[in-house]
Amino acid sequence: MNITVNGKSINIDNSTTIYELSLLLNIEADLFIVNSFPVDKSYILNENDNVSLIKKGQMPDKEHLEYLLFSRQGLDVYKILKTSKVVVCGIGGLGSHVAISLARSGVGTIKIIDYDVVEPSNINRQSYFINQIGLYKTQALKNIIENINPYIKIICKNIMLNSHNIINEVSGFDVILECFDNAETKVMLMEKCIKELPSSFIIGASGVAGYFDTDIIKIKKLGSNCIVVGDFENEAGFFKGLMAPRVTACAAVQANEAVKYLLKDI
Amino acid sequence: MNIILNGQKYNIENNITLKQMLINLNIEQKNIIAEVNGEVVTKDDFSNKIINENDIIELVRFVGGG
């Protein structure tokens with residue numbers, strides 16, 4: 001029967017256990033994952049099983065690592081996300097976390113757009129490090145993502161988006177993520193993209209400030225190709241700060257909605 | 001006439017524009033995008049969009065922070 005081991009298709013006898021398989025292939029392993037779920041070494045393999053064999057404490061070779069990264073996600077999901085393209089507009093508190101979450105998920109092409117550099121007031125909620133202060137956010141985020149998933153394409157653009165350049169920069173992507181800080185810029189992106197890019201799915205955010213309940217974070221739809229995540233009231237202002245837990249929670253909802261949309265056909 | 005605004009029933013004047021409806025209901029228009037019966041209406045069109053009986057209107061307000 002046919003199974004897949006660490007991304008490669010092989011033929012084995014019926015009633016082979018996963019431990020016997022590891023001996024057969026001479027792959028040392030102490031963590032056995034089948035179809036995205038960890039199993040005991042006595043697990044008897046079935047036709048079409050997707051198997052990951054992992055040895056803890058040991059760096060796998062590059063050929064297998066890409067597949068091992070997605071052991072808990074499944075090959076079908078991996079294949080679809082690998083061919084997907086998303087663009088993240090603004091990579092601050094929302095966008096840096098959205099981009100990392102989608103890179104971890106294996107989205108194959110991620111364009112990140114921001115004009116700014118990393119500075120000290122970013123660190124409390126954005127995914128950057130102190131030793132990245134002064135770098136362009138696009139370069140800093142690319143460096144982080146390459147340490148998470150080196151198998152995807154990151155396109156960096158250091159520009160300020162406006163109503164004249166937005167369509168040119170974001171057209172051709174499956175999902176457009178609006179992750180700006182400024183309310184007027186959010187509206188600009190939405191108004192331009194909803195009408196002019198009907199084949200892209202647009203995910204915005206509004207109302208992410210403070211440390212209010214996360215259960216007031218809702219998803220509202222705008223037409224057939226756009227949704228917006230947030231509480232729609234808590235804006236940043238004097239004595240109304242932005243903090244990691246709530247901004248990250250909204251970013252995670254945006255990223256989850258992107259994955260849901262990209263995997264809608266399976 | 002009756003309409004549904006953000007999930008709630010409202011009684012408003014007959015045949016008014018979206019813009020006039022927002023003014024009458026004392027709703028601030030800044031940074032809002034509307035959806036009327038599933039169709040997106042942006043701010044430039046608020047004064048052209050006529051609201052009819054039983055329309056379902058959603059208002060999405062964009063506030064700063066990210």
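The figures that follow rest on heavy atoms only: side chains count, while hydrogens, waters and symmetry mates do not. Each chain gets a letter, A, B and so on, in the order its sequence line appears, and its residues count up from 1. Everything numeric in this text was worked out from a predicted model, so none of it was measured.
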**Message:** Please classify the contact of Asp231(A) with chain B as side chain, backbone, both or neither, using a heavy-atom distance under 4.5 Å.
**Reply:** neither
**Prompt:** Could you walk me through whether Val63(B) and Glu233(A) pass the side-chain contact (heavy atoms from CB on, under 4.5 Å) check?
**Reply:** CA-CA 7 Å; Val63(B) 300; Glu233(A) 54 180 306; 5.9 Å; no
**Request:** State whether Glu58(B) and Lys220(A) are salt-bridged, where the test is any N-O pair (Lys NZ or Arg NE/NH1/NH2 against Asp/Glu carboxylate O) under 4.0 Å.
**Result:** yes
**Request:** Against chain B, label Leu242(A) side chain, backbone, both or neither, depending on which of its atoms sit under 4.5 Å from a heavy atom there.
**Result:** side chain
**Message:** Does any backbone or side-chain atom of Lys30(B) lie under 4.5 Å from a heavy atom of chain A? Answer side chain, backbone, both or neither.
**Reply:** side chain
**Request:** State the CG-CD distance between Asp44(B) and Glu191(A), to the nearest 0.5 angstrom.
**Result:** 6.5 Å
**Item:** Whether over 12 other heavy atoms sit under 6.0 Å from Met1(B) CE
**Value:** yes
**Prompt:** Using a cut-off of under 4.5 Å for heavy-atom pairs, which of Ala236(A), Gly93(A), Gly95(A), Ser206(A) has the most such pairs with chain B?
**Reply:** Ser206(A)
**Asked** Could you give all pairs that pass the ring-ring contact (aromatic ring centres under 6.0 Å, His included) test and reach residues 198-249 of chain A, with sequence neighbours left out?
**Response** Phe201(A)-Tyr261(A)
**Side chain, backbone, both or neither of Lys221(A) within contact of chain B (heavy atoms, under 4.5 Å)** = both
**Which portion of Ala209(A) sits near chain B, non-hydrogen atoms under 4.5 angstrom** = neither
**Message:** Is Arg125(A) close to chain B through its backbone or its side chain, or both, or neither, when contacts mean heavy atoms under 4.5 Å?
**Reply:** side chain
**Prompt:** Should we count NZ of Lys19(B) as having more than 12 external heavy atoms under 6.0 Å?
**Reply:** no
**Prompt:** Is the shortest side-chain N to carboxylate O distance from Lys195(A) to Asp45(B) below 4.0 Å?
**Reply:** yes
**Complete:** So ring-ring contact (aromatic ring centres under 6.0 Å, His included) across residues 123-173 of chain A, not counting sequence neighbours, yields none
